[in-house]
Asks: 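Provided herewith is a single structure, encoded as structure tokens, for subsequent inquiry.
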Amino acid sequence: MSALAWGAALGGAATAWFLFPSPGGSAELSVERGGRRRPGALGSGSASSVVAAMGVAVVLVGLVGARMPRAVPLAAIVAGSALGVAHLVRRRRARVAAARAAEHVLAACEQIGADLAAGQSPAAALRSAAATWPELAEAAGTVDLGGDPVRALRTAAEVPGQEGLRAVAAGFALAEQVGAPLVPVLDRIVHGLRAARETAQLVEGELASARATARLVAALPFGLLLLGRGTGGDPLAFLLTTPPGLACLAGGLILAGVGVGWIDALADRASRSAR
């Protein structure tokens, strides 16, 4: 069996193992929090998507590399790598957007609580907060029409990072049903959101080093390529123009992508469990 065929088999096996882990296998991970288990396969989320993208690349190398020009498997490798990198970039942007949304929720709760304490009505407080943060526009419009903002707040809470609005919706529902004052309820919500933000910032700070280490390790092979050039070798010619080199390139990208994606997924789980 040629090196390209071995590379294709390895890529296909790795992709299948990560995307379709056995029900009782060791690919299961759970996070304990408050006595509840959060199961999740290592093949889900970031890691499996990276493996899928790069696994497809190495399979294409094995299938067409022996019969077609070298540009075809090389293009497949580049395309698979680009898909993996794009997925990781989207994951990072989603984390940033969720953190920004959580800050908006906290600021809106503080503003609504301050307006209510100053004597404004709940409708006026929601309108004022919606002017600053448009995500509350639907809830404010519902109140203006004489409706209940609870449903709109719960719908807005489905967006990642805006989960704190569920507590705000519960506060409005409590005030509507039993006439409880909203100001002390919102004060407790604000204190809870501040504590959650501090915990999230602490966890993210601890996880930043792990994420940075993963990216550094993934970038080290490129430094070794430059080192090989400096010692008189030509590793790029081997990797880009020979069948064994293309197989090694595809396999190396798969392993690097799996490592970065796996650490990224584990860090995301740890961050979510701390909320």
Side-chain angles (χ1 to χ4, degrees), residues 1-21 27 41-96 207-268:
M1 185 179 291
S2 67
L4 286 172
W6 278 112
L10 177 62
T15 304
W17 188 83
F18 272 87
L19 290 178
F20 308 105
L42 293 181
S44 63
S46 178
S48 62
S49 298
V50 173
V51 175
M54 295 187 177
V56 168
V58 75
V59 170
L60 289 175
V61 169
L63 292 177
V64 305
R67 294 184 176 87
M68 292 188 178
R70 294 289 178 261
V72 175
L74 185 59
I77 293 173
V78 172
S81 302
L83 288 175
V85 172
H87 178 78
L88 293 176
V89 170
R90 285 195 300 270
R91 295 276 296 184
R92 183 181 182 279
R93 288 178 177 174
R95 287 197 303 270
V96 173
L207 294 175
S209 59
R211 288 192 171 106
T213 300
R215 283 154 178 74
L216 176 61
V217 171
L220 283 178
F222 298 98
L224 293 177
L225 290 177
L226 296 177
L227 182 62
R229 294 278 296 183
T231 57
D234 196 1
L236 286 177
F238 169 75
L239 290 174
L240 300 178
T241 62
T242 66
L246 288 170
C248 291
L249 177 61
L253 289 174
I254 286 176
L255 294 177
V258 168
V260 174
W262 188 8
I263 291 177
D264 199 56
L266 293 177
D268 283 348

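All values below come from the heavy atoms of this structure, side chains included, with hydrogens, waters and symmetry mates left out.
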Asks: Quick check: closest heavy atoms across G228 and P235, and the distance to 0.1 Å?
Replies: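 Residues G228 and P235, closest heavy atoms: C-CD, 4.1 Å.
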Asks: Write down the atom of A210, the atom of I263, and the distance for their closest heavy-atom approach.
Replies: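 That would be O-CG2, 4.0 Å.
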Asks: Would you sort out whether L226 and L224 count as a side-chain contact (heavy atoms from CB on, under 4.5 Å), showing the intermediate values?
Replies: CA-CA 5 Å; L226 296 177; L224 293 177; over 6 Å; no
Asks: Looking at CG of L83 and CG of L88, how far apart are the two atoms once the value is rounded to the nearest 0.5 Å?
Replies: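 Reported to 0.5 Å precision, the distance equals 11.0 Å.
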Asks: Are the side chains of L225 and L239 in contact, using a 4.5 Å heavy-atom criterion?
Replies: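 Yes, side chains in contact.
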Asks: Can you tell me how far apart CG (L236) and CG (L249) are? Round to the nearest 0.5 Å.
Replies: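 Atom-to-atom, L236:CG and L249:CG are 9.5 Å apart.
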Asks: Rounded at 0.5 Å granularity, tell me how far SG in C248 sits from CG in L253.
Replies: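 Output value for this atom pair is 11.0 Å.
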Asks: Which atoms form the tightest heavy-atom contact between A267 and L207, and what is the distance?
Replies: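 For A267 versus L207, the nearest heavy atoms are O-CD1, 3.2 Å.
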Asks: Could you pull out all residues at least two apart from R211 that satisfy side chain to side chain donor-acceptor pair (under 3.5 Å)?
Replies: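 Side chain to side chain donor-acceptor pair (under 3.5 Å) check on R211 returns E204, D264, D268.
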Asks: Measure the spacing between CG of L246 and CZ of F238 and express it to the nearest 0.5 Å.
Replies: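 Going from the CG atom of L246 to the CZ atom of F238 covers 9.0 Å.
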